[in-house]
Amino acid sequence: MNTHPLRELFKDIDIMSSIAQSYGTPSYVYKKDRIEHNVNRLKNTLSTYFHKSHICYAVKANSNPHLLKIMKSVHPELGGDCSSPGEIYAAELADIHPKDCIYTGNYESKRDIATALKKGVYLNLDDETSLDRLLKFGMPSRISFRLNPGFGKGSFSQITTAGENAKFGIPAEKIINAYQKAQDAGIKKFGLQCMAGSGNLDEDYWVELLTAIFYHTKAIEAKLGIDFEFISIGGGLGIPYKDEDTPLDYDRLFSKLSDLMYHNYPDKASAPALWVEPGKSFIGDAGFILTKVTGLKNSYKNFVGIDAGMETLMRPALYGAYHRLYKVGTHGENDGSYDFTGPICENTDRIAIAREFPKIKEDDLIAIVDAGAYGYAMSHNFNTRPRAAEVLLDGNAHRLIRKRETIENIFSGCNV
Ligand code: LLP
């Protein structure tokens, strides 16, 4: 049984009501010290177990520059893992230096490649044809390719990003050729990246993945005489979304990965640096949605209507993802089973299905937790609903870090 790190906060009806009154609902709220904790944990673990390491925060998980700045204040060398010109822009707004960033596109347009190259971020290429497009714009000083080792793992099939069904990466049997091609083109410095899935809490999987990565780096080095400067395991460090999930033990995990690294590369000084691209594990459990009950309906099922639907949090509708919900104030004993739904005209609009929950009434506040990663970032305007506000909670003090969108904002480009 793991208790959510912000569980006590939701009992504080004064703070929660003050946020709801100040900024309205639904609002995304981020707890500053939890972000700091998450960044420190990975930073300290990597420096304990690895001679050289680098962290690129996966900006796609949440690109609010205020949050990126908090991460950077804890770890000044922090880079960004960017997958679009917009994510490079967000990193720049937070003073994250492009030279510390990696750009992992897929099926990138020429314009995206040119932007990344011009900004000076390292390009991690998804295919040999990406290299062809890149070389039309210039000669990068260093590149990496994204390996698809033929297997992957994620908490849902939809977020498994390697294996035969994945659109990402270069298949194992083509990876040597890709590096050969880059070497022939005159590129001299290399890394290798492999992001095989998101939401992994299984230690053995990480060992299996890194073992496969080293199998390939060793083969490439032997064939081409390349010395890899870095190996990136991508993101994918899971967080416990459910009470019964067991969180990763960072010390145990990274000590195993370190043993693997220095078994394969015994000379620590010349061994590749380990790069990690955390998204979920940095910001996931630090953010929640504060939402209000709009209506209760006893139909063939019992429904709780809330003002945050699938337009505010896509994960349950898209993947069947589970997010814990807490009633603000006293949570109380469970009273029945409810589907929690928003105001969207889609029957997939669910935040939770058949969830046991205490007695609840209109206007009560509810916290939807673990919404910091891929929450706001994947929110959208369906039914012409403006996006939520974003709020930073620093101790008991709160401030707006992104205004709630307005209906006028949605139409600002229409010029009617
Ligand atoms: N690096 C690359 C190249 C990635 O594609 C991703 C995520 C990450 C790093 C960060 O992975 P993380 O640490 O967050 O697992 N929208 C899904 C997750 C999709 C992840 C896609 N790539 C979700 O809501 O669970």
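In listed order, ligands and their atoms are each counted from 1.
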Please table the atom pairs, donor to acceptor, closer than 3.5 Å between any side-chain atom in residues 94-106 and protein atoms at least two apart or in another chain.
| from | atom 1 | to | atom 2 | distance (Å) |
| --- | --- | --- | --- | --- |
| H97 | ND1 | K99 | N | 3.1 |
| T104 | OG1 | N124 | ND2 | 3.0 |
| N106 | OD1 | K167 | NZ | 2.8 |

Review point. Would you call the rings of Y338 and F357 parallel, tilted or perpendicular if under 30° counts as parallel and over 60° as perpendicular?
Key: perpendicular
Review point. Any chance the rings of Y326 and F288 have centres within less than 6.0 Å?
Key: no
Between ligand 1 and the protein, tabulate every N or O atom pair separated by less than 3.5 Å, reporting distance only.
| from | atom 1 | to | atom 2 | distance (Å) |
| --- | --- | --- | --- | --- |
| ligand 1 | 1 (N) | D81 | OD2 | 2.9 |
| ligand 1 | 1 (N) | E277 | OE1 | 2.7 |
| ligand 1 | 5 (O) | K60 | NZ | 3.1 |
| ligand 1 | 13 (O) | G236 | N | 2.9 |
| ligand 1 | 13 (O) | G279 | N | 2.9 |
| ligand 1 | 14 (O) | K280 | N | 2.9 |
| ligand 1 | 14 (O) | Y374 | OH | 2.6 |
| ligand 1 | 15 (O) | S198 | OG | 2.5 |
| ligand 1 | 15 (O) | G236 | N | 3.0 |
| ligand 1 | 16 (N) | Y319 | OH | 2.9 |
| ligand 1 | 24 (O) | R315 | NE | 2.6 |
| ligand 1 | 25 (O) | K280 | NZ | 2.7 |
| ligand 1 | 25 (O) | R315 | NE | 3.3 |
| ligand 1 | 25 (O) | R315 | NH2 | 2.9 |

Exercise for review: State yes or no: are the ring centers of Y23 and H398 separated by less than 6.0 Å?
Suggested key: yes
Point to revise | Residue among L9, D243, V369 satisfying side-chain contact (heavy atoms from CB on, under 4.5 Å) with H4 | key: V369
Exercise for review: Please find out if less than 6.0 Å separates the ring center of F228 from that of Y179.
Suggested key: yes
